[in-house]
2 protein chains.
Amino acid sequence: MEWERFAALVEHVTAHNESLMAFVHCKIYYSGRAEAELDWGDRMLIIKQDNALLIHQPENGNPINYLKPGARITLYQEDHALILEGTHPQTHDVIQCEIQEVHDAMSAKLDDGKKQVLAGTEADMSDHLKNNPELISNDFKPLSREEHTQYGFIDVFGHDGNGNLVVVECKRYAASLACITQLRRYVEKIQELKGTKNVRGVMASPKITPNAKTMLEDWGFSWVRVEPPKRLLINRNQKTLGDWG
Amino acid sequence: MEWERFAALVEHVTAHNESLMAFVHCKIYYSGRAEAELDWGDRMLIIKQDNALLIHQPENGNPINYLKPGARITLYQEDHALILEGTHPQTHDVIQCEIQEVHDAMSAKLDDGKKQVLAGTEADMSDHLKNNPELISNDFKPLSREEHTQYGFIDVFGHDGNGNLVVVECKRYAASLACITQLRRYVEKIQELKGTKNVRGVMASPKITPNAKTMLEDWGFSWVRVEPPKRLLINRNQKTLGDWG
DNA sequence: TACTACATCTCGCAT
DNA sequence: ATGCGAGGTGTAGTA
């Protein structure tokens, strides 16, 4: 594609809040929170209608370079090079994408704004534990969920039948060292706030790493195996037919 | 675009390891680590040549749905609906993208494989500190960098002039509570391994949050203000001319 | 493979 | 705005 046509397209989408996707052969410089350089190669270039800029390599899931929504995007020539430059007024990031060839490009005015409905998060899990306290122990009485303390917020907080306060930290994945120190931090904070040493720490997660288990036991905490919350959704998977390929 | 043409395009790119980008009006179901549903709207659909699948809304930086590289992608009709389905054999994630209309689509065989050269990371920072120990203190003698211990690895490790071991943890951003507990973990582990209480903990970062500072002081650690190094310093920014827009 | 920690993490929520 | 923690986190490095 001729540079002029591409330039007109970029001009159009930035002026009209449209979205653009392009295949380009380019070289990239980035400066901002870090500094980076990427040598010549074919990439996918995306400008969203909120002026987010994404540059993807043809492999891997994440963009190799990006600017958050709100970038200022300009295109100019310099010494026979076509340069797409994005600068972000808030983050002070700069991307310079030196384009040698535009293989293909297209734009569209997209109408969306829908929010995704998500289930199976840690919040669902702590909710589940508060409603099913016997998963922690037979005498566990939950008092609150997601209680905020100065040192963070506690997923589930309560007491047991022996006059102990109980702090529960949930993780929806294997609990690691960092998770145990997080629990420790909450336990110590509650001990300080309530002026008692009778605070039990409970890690609730589907798994726990060996080092984390050792550390947990060293500090007298306990671990309860809890499965991440059940699948809620729909079974559209019983398709029957009709592949083209 | 007619569904048949789009189907042929999808078939072609998956068969030949090409990349595809499309504007589509769709509705999305996801099931995997969590479950999600996204109502009708215009989105950008991307299939990479490693069979990563990305679906972007026209705003925000991140994909609203995605599959990692290695997905199996099929397209079929069901009750007058066109469904692009991606399933991931390893992660067991499924995306079903019900497509009402393909506004536009294009594909290309992309040639890349270049690696980004990055500077200003935490590794650069610990390197910088090891080579400039006076940034920690006048009597700091670094011994090692990124030393691995059972409880994690220590960014910079050394000793001072008073017979103390010194553990330095670097962060390229504002040090938070979690960062201090990480430092604490390393200090305690070294105390245990070396059988001495003479272990100083030093947090090196450009900033530190107030709570983190309090916690750090409670435990007798210290904070040193260090900026993350940037070494590339591309100065292509002095462009002169030639905006189209 | 599992575990650990970084990331230009991003994002939402609460203060 | 800042602090804090979750995330369908992803990714690299190491044992």
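Chain letters run A, B, ... following the sequence lines, proteins first and then strands; every chain starts at 1. Side chains included, hydrogens not; waters and symmetry mates left out as well; all remaining heavy atoms used.
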Item to check | Euclidean distance for P, dT4(C) against dG8(D) (whole angstrom) | outcome: 22 Å
Checklist outcome for this item: Heavy-atom nearest nucleotide on DNA chain C taken for A212(A) and for N60(B); more 5' hit belongs to A212(A)
Checklist entry - Looking for any heavy atom pair under 4.0 Å, which part of the strands does E169(B) touch: base, sugar-phosphate only, or nothing? => result sugar-phosphate
Checklist entry - Taking N and O atoms by type only, does the side chain of N65(A) place a donor or acceptor under 3.5 Å from a partner on the base of dT8(C)? => result yes
Checklist entry - Would you say the base of dG8(D) and the side-chain of D93(B) have a donor-acceptor pair closer than 3.5 Å? => result yes
Checklist entry - How is K207(A) classified with respect to the nucleic acid when contacts are heavy atoms under 4.0 Å: base, sugar-phosphate, or nothing? => result nothing
Checklist entry - If you measure from the P atom in dT8(C) to the same atom in dC4(D), how many Å do you get, rounded? => result 22 Å
Next on the checklist: Without decimals, in angstroms, what is the distance between Q90(A) CD and dC11(C) C1'?
Outcome noted: 17 Å
Next on the checklist: Please tell me if R185(B) has a side-chain N or O lying less than 4.0 Å from either OP1 or OP2 of dA5(C).
Outcome noted: yes
Item to check | Proximity to the side chain of R33(B) - top-ranked nucleotide from dT9(D), dT11(D), dA5(C) | outcome: dT9(D)
Next on the checklist: Is K115(A) close enough to dG12(C) that one of its side-chain N or O atoms is under 4.0 Å from OP1 or OP2 there?
Outcome noted: yes
Item to check | Closest to the E122(A) side chain, choosing from dG8(D), dC4(D), dG7(D) | outcome: dG7(D)
Checklist entry - Does D93(B) pair with R33(B) as a salt bridge, N-O distance under 4.0 Å? => result no
Checklist entry - Between dC4(D), dC9(C), dC6(C), which nucleotide gets closest to the side-chain atoms of R172(B)? => result dC9(C)
Item to check | Backbone N/O of P89(B) and side chain of R72(B): donor-acceptor pair under 3.5 Å | outcome: no
Next on the checklist: For the CG atom on D111(A), are there more than 12 heavy atoms of other groups (residues, nucleotides or ligands in this structure) within a distance under 6.0 Å?
Outcome noted: no
Checklist entry - Would you say a side-chain N or O of Y186(B) is under 4.0 Å from OP1 or OP2 of dA5(C)? => result yes
Item to check | Distance, rounded to the nearest Å, where I180(B) contributes CD1 and dG5(D) contributes P | outcome: 12 Å
Next on the checklist: Regarding E122(B) and K171(B), does a basic nitrogen lie under 4.0 Å from an acidic carboxylate oxygen?
Outcome noted: yes
Next on the checklist: Base, sugar-phosphate or nothing for I64(A)? Non-hydrogen atoms, less than 4.0 Å.
Outcome noted: base
Next on the checklist: Side chain of Q182(B), heavy atoms from C-beta onward: which of dG7(D), dC6(C), dT10(C) has the nearest atom to it?
Outcome noted: dC6(C)
Checklist entry - Touch check for G61(A), heavy atoms < 4.0 angstrom, all strands: base, sugar-phosphate only, or nothing? => result sugar-phosphate
Checklist entry - For K27(B), does the NZ atom sit with more than 12 other heavy atoms under 6.0 Å from it, leaving out its own atoms? => result yes
Checklist entry - If you pin A178(B) and K68(B) to their nearest nucleotides in DNA chain D, which one's is more 5'? => result A178(B)
Checklist entry - When we call it a touch if two heavy atoms are under 4.0 Å apart, what does Y66(B) touch: a base, just sugar-phosphate, or nothing? => result base
Checklist entry - Distance from Q116(B) atom CD to E35(A) atom CD, nearest 0.5 Å? => result 11.5 Å
Checklist entry - Which nucleotide, dG3(D), dG5(D), dT4(C), lies nearest any side-chain atom of T209(A)? => result dT4(C)
Item to check | Spacing between H56(B) atom NE2 and dG8(D) atom P, to the nearest angstrom | outcome: 15 Å
Next on the checklist: At 4.0 Å (heavy atoms only), tell me whether L118(A) reaches a base, stays on the sugar-phosphate, or touches nothing.
Outcome noted: sugar-phosphate
Checklist entry - Closer to the 5' end of DNA chain C via nearest nucleotide, is it P210(A) or P63(A)? => result P210(A)
Next on the checklist: On DNA chain D, compare the nucleotides closest to D155(A) and A174(B); which residue's is nearer the 5' end?
Outcome noted: A174(B)
Checklist entry - Is any side-chain N of the basic residue among E227(A) and R225(A) closer than 4.0 Å to the acidic one's carboxylate O? => result yes
Item to check | Between P of dG5(D) and OH of Y173(A), the distance in whole Å | outcome: 12 Å
Item to check | Touch class at under 4.0 angstrom, heavy-atom based, for T121(B) against every strand present | outcome: sugar-phosphate
Checklist outcome for this item: Whole-Å distance, K189(B) NZ to dA5(C) P, equals 12 Å
Next on the checklist: Taking dG7(D) as the reference, what is the distance to dC6(C) when you measure between their C1' atoms (whole Å, please)?
Outcome noted: 15 Å
Checklist entry - Using atom C1' of each nucleotide, how far apart are dG10(D) and dA6(D) to the nearest Å? => result 14 Å
Next on the checklist: What is the separation between atom CD on E59(B) and atom P on dT10(C), rounded to the nearest whole Å?
Outcome noted: 17 Å
Checklist entry - How long is the line joining CG of N62(A) and P of dT9(D), in whole Å? => result 13 Å
Checklist entry - Within this structure, what is the NZ-to-C1' distance between K48(A) and dT10(C), rounded to whole angstrom? => result 12 Å
